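One structure is given here, and the rest of the page talks about it.
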Amino acid sequence: MDKKKNTTIIAILIAVAMMAVAAGVIGLSIYMEQQKTEKKTEETPKGTTTPVVAEEGEDTSVDGAVTDYVQSGNLKLGNYEGLEVDTEPTEDEILEAMEEDLVKMTKDHKGKIKKGDYVCVTYKGYMDGQEYEELSDQDVVLRVGDYYMEKVFEDSLIGKKPGDVVTPSVTYDDSYEELSGETVDYKITIKGRFDDYYADKFSKGKYPTVKKYIANIEETLRAQNRTAESAGEAVWDSVMEDSEVLKYPEGAVEEETVNTKKQYESFAEMQGVSYEDLLEQFGMTEEGFEEIAQDTVKERMIAKTIMAKEQLVLDDAAYQKYLLDSMEETEESGKTLDELENEYKEGYGERPKDDMMLRFVQDFVGGKAKLN
């Protein structure tokens with residue numbers, strides 16, 4: 001099955017339908033401006049002032065209320081300081097960074113494909129003579145021999161040239177439940193092969209060989225991975241796994257379960273499909289919403305507890321900056337903080353302050369990470 005296609009669709013769904021779980025998490029881009037992590041790890045993030053922690057008896061369910069859930073006995077907080085981050089870029093990150101350029105390659109520039117080459121292909125999968133849309137895709141960038149796709153699929157490209165069409169047949173094993181034992185006939189059109197010609201062209205002469213082009217990509221991604229934002233995202237799963245909810249705030253999971261359903265419904269409407277069809281497409285049921293909601297509430301509990309313990313406060317300037325970034329807007333839009341907040345509630349999630357506090361705390365944790 002096309003792993004890349006499924007992963008991409010799911011990532012889009014998560015970004016839109018589960019914004020509360022991964023509020024504002026953005027894809028890798030080597031051209032994005034990022035805050036550097038040369039700052040001292042003990043430095044408090046910009047935008048902090050005096051902490052405002054909910055007093056005893058105060059309503060902690062309000063969006064943006066800071067609460068120490070360890071002190072209240074609701075949470076066992078795991079370690080969040082000095083967590084190790086591997087900043088070396090992965091092959092997936094490199095491919096993603098190169099993709100914008102490599103989809104521009106054409107069949108007009110030839111050259112035989114060998115193992116290790118980066119190529120761009122378009123393919124269609126057929127079962128019993130009928131096209132199977134889930135196994136068809138356009139402008140897919142891959143490195144031949146990494147077997148991102150099936151081995152038979154990638155090996156069929158070796159020795160071929162841009163413009164060639166190859167037709168391998170792949171019989172799927174038990175690792176693909178829906179296709180186990182099925183044979184899919186592929187029609188693969190090779191769009192282009194990355195070589196020194198394209199490296200020179202895409203970099204406008206700055207990196208005239210594939211080796212130099214990729215070295216630059218790796219260096220840029222390495223710097224990206226060393227930002228507080230990226231480091232925070234990288235270690236957050238570890239913080240989650242090391243923490244334990246002893247008791248969820250009353251009504252919080254129920255409220256978030258309803259909000260999660262609303263996000264799926266909104267995503268279905270945006271995609272022009274029925275809500276039921278969307279759930280079926282992603283193998284989801286409404287019973288799974290509660291687990292998503294529990295994770296969302298847990299993240300918020302962790303973030304608010306760290307804010308309380310570290311005496312952090314997300315002031316209006318930083319809050320607005322995170323909102324703009326999450327909705328991919330700029331200050332030039334001229335929108336007030338209230339307008340941005342309402343826009344976020346309409347399209348992204350019911351708790352903008354909680355969601356931006358989560359991003360804020362992730363950056364704080366990332367600033368304290370040990371970068372390898």
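Note that the structure is predicted; figures quoted are calculated from it, not measured.
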Are M240 and Y248 connected, step by step, through hydrophobic side chains (Ile, Leu, Val, Met, Phe, Trp, Tyr) whose heavy atoms are closer than 4.5 Å? yes
Whether D325 side chain and K321 backbone form a donor-acceptor pair below 3.5 Å: no
For the pair Y186 and F153, name the ring-plane relationship: parallel under 30°, tilted 30 to 60°, perpendicular over 60°. perpendicular
Side chain S266, main chain K262, donor-acceptor under 3.5 Å: no
Check whether any side-chain N or O of T171 sits under 3.5 Å from a backbone N or O of T183 as a donor-acceptor pair, and report yes or no. no
Is a donor from one side chain sitting under 3.5 angstrom from an acceptor on the other, for E286 and Y275? yes
Report whether L279 and V258 are members of the same hydrophobic cluster (ILVMFWY, side-chain heavy atoms less than 4.5 Å apart, transitive linking). no
Please assess Y148 against V141 for the test side-chain contact (heavy atoms from CB on, under 4.5 Å), listing each intermediate value before the final yes or no. CA-CA 10 Å; Y148 187 70; V141 175; over 6 Å; no
Would you kindly say whether E182 and Y132 are connected by a side-chain donor-acceptor distance under 3.5 Å? no
Have a look at Y118 and tell me which of I214, V144, L142 forms a side chain to side chain contact (heavy atoms under 4.5 Å, CB included) with it. I214
In this structure, are over 12 heavy atoms from other groups packed under 6.0 Å from E339 atom CD? yes
Please determine whether residues V239 and L246 belong to a single hydrophobic cluster, defined as Ile, Leu, Val, Met, Phe, Trp and Tyr linked transitively by side-chain heavy-atom distances below 4.5 Å. no
Got more than 12 heavy atoms from elsewhere within 6.0 Å of NZ, K104? yes
Say whether T285 and E287, considering side chains only, have a donor N or O and an acceptor N or O under 3.5 Å apart. yes
Any side-chain heavy atom of F194 within less than 4.5 Å of one from D117? no
Using a 6.0 Å cut-off, check whether atom CD of E131 has over 12 heavy atoms from anything other than its own residue. yes
Restricting to non-hydrogen atoms, name the atom on G111 and the atom on P162 that form the minimum distance, rounded to 0.1 Å. O-CD, 3.4 Å
Flag, side chain of D195 to backbone of Y197, donor-acceptor distance under 3.5 Å: yes
Nearest heavy-atom contact between I94 and P89 is CG1-CB, 4.3 Å
Any donor-acceptor N/O pair, S136 side chain to G125 backbone, under 3.5 Å: yes
For D155 and Y147, run side-chain hydrogen bond (donor to acceptor under 3.5 Å, both in side chains): C-alpha distance rounded to whole Å, both residues' side-chain angles, the deciding distance at 0.1 Å, then the answer. CA-CA 9 Å; D155 285 349; Y147 302 123; 2.9 Å; yes
Once you round to the nearest 0.5 Å, how far does CD of E150 lie from OG of S156? 10.5 Å
Side chains of T305 and Y80: closer than 4.5 Å at any heavy-atom pair? no
Go through the steps for I292 and M284 under the test side-chain contact (heavy atoms from CB on, under 4.5 Å), then give the verdict. CA-CA 11 Å; I292 295 172; M284 281 291 298; 3.8 Å; yes
Q281 side, atom CD; E134 side, atom CD - distance, nearest 0.5 Å: 7.0 Å
Heavy atoms, side chains only, cut-off 4.5 Å: are V70 and K309 in contact? yes
Using the six-membered ring wherever Trp is involved, compare the ring planes of Y264 and F289 and label them parallel, tilted or perpendicular (cut-offs 30° and 60°). tilted
Would you say Y322 and M357 make side-chain contact, with heavy atoms under 4.5 Å? no
Rounded distance (nearest 0.5 Å) linking atom OG of S326 with atom CD of E343: 11.5 Å
Strictly distance-based, threshold 3.5 Å: is any side-chain N or O of Q263 a donor or acceptor partner for the main-chain N or O of Y348? yes
Measure the CD1-CD1 distance between I113 and I158 for me, rounded to the nearest 0.5 Å. 9.0 Å
Drop me the distance from I306's CD1 to Y69's OH, to the nearest 0.5 angstrom. 13.5 Å
The test is side-chain contact (heavy atoms from CB on, under 4.5 Å); show your working for R300 and R351 and say whether it passes. CA-CA 10 Å; R300 291 173 179 163; R351 290 180 166 268; 3.3 Å; yes
same_hphob_cluster(V152, Y123) at 4.5 Å side-chain heavy-atom cutoff: yes
Would you name the heavy atoms of E99 and D139 that are closest together and state the gap between them? OE2-O, 4.0 Å
Tell me if the NZ atom of K160 is crowded by more than 12 foreign heavy atoms within 6.0 Å. yes
Please say whether more than 12 non-hydrogen atoms of neighbouring residues, nucleotides or ligands are located less than 6.0 Å from CD in E254. yes
Can you tell if the side chain of E290 reaches within under 4.5 Å of the side chain of Q294, non-hydrogen atoms only? yes
Mind checking whether I190 and L157 have side chains closer than 4.5 Å, heavy atoms only? yes
Taking all non-hydrogen atoms of both residues into account, name the closest pair between T257 and A293 and its distance. OG1-CB, 3.4 Å
Do D101 and Y213 get their side chains close enough for a donor-acceptor pair, meaning under 3.5 Å? yes
Which atom pair, heavy atoms only, marks the closest approach of K110 to R193? O-NH1, 4.4 Å
At what distance, to the nearest 0.5 angstrom, does CG of L221 lie from CE of M98? 10.5 Å
Would you please say whether a donor-acceptor pair under 3.5 Å links the side chains of S169 and D185? yes
Got a sec: does the CD of E81 have more than 12 other heavy atoms crowding it under 6.0 Å? yes
Go through D354 and K304 one step at a time and tell me if the side-chain contact (heavy atoms from CB on, under 4.5 Å) criterion holds. CA-CA 8 Å; D354 282 356; K304 293 183 178 193; 3.0 Å; yes
Residues R143 and E154 bridged, charged N to O under 4.0 Å: no
Count the heavy atoms of every other residue, nucleotide or ligand shown that sit under 6.0 Å from CG of N372, and state whether that count exceeds 12. yes
In terms of hydrophobic clusters joined by side-chain contacts under 4.5 Å, are L135 and Y126 together? no
Are side-chain heavy atoms of K206 and K212 found at a separation under 4.5 Å? no
Where the side chain of K191 meets the backbone of Q138, is there a donor-acceptor pair that is under 3.5 Å apart? no
Under a 4.5 Å cut-off applied to non-hydrogen side-chain atoms, are L77 and I302 in contact? yes
Closest heavy-atom pair and its distance - E341, P352: CG-CG, 3.6 Å
After noting the C-alpha distance and the side-chain angles of D355 and Y344, does the key distance pass the side-chain hydrogen bond (donor to acceptor under 3.5 Å, both in side chains) rule? CA-CA 10 Å; D355 291 348; Y344 186 92; 2.7 Å; yes
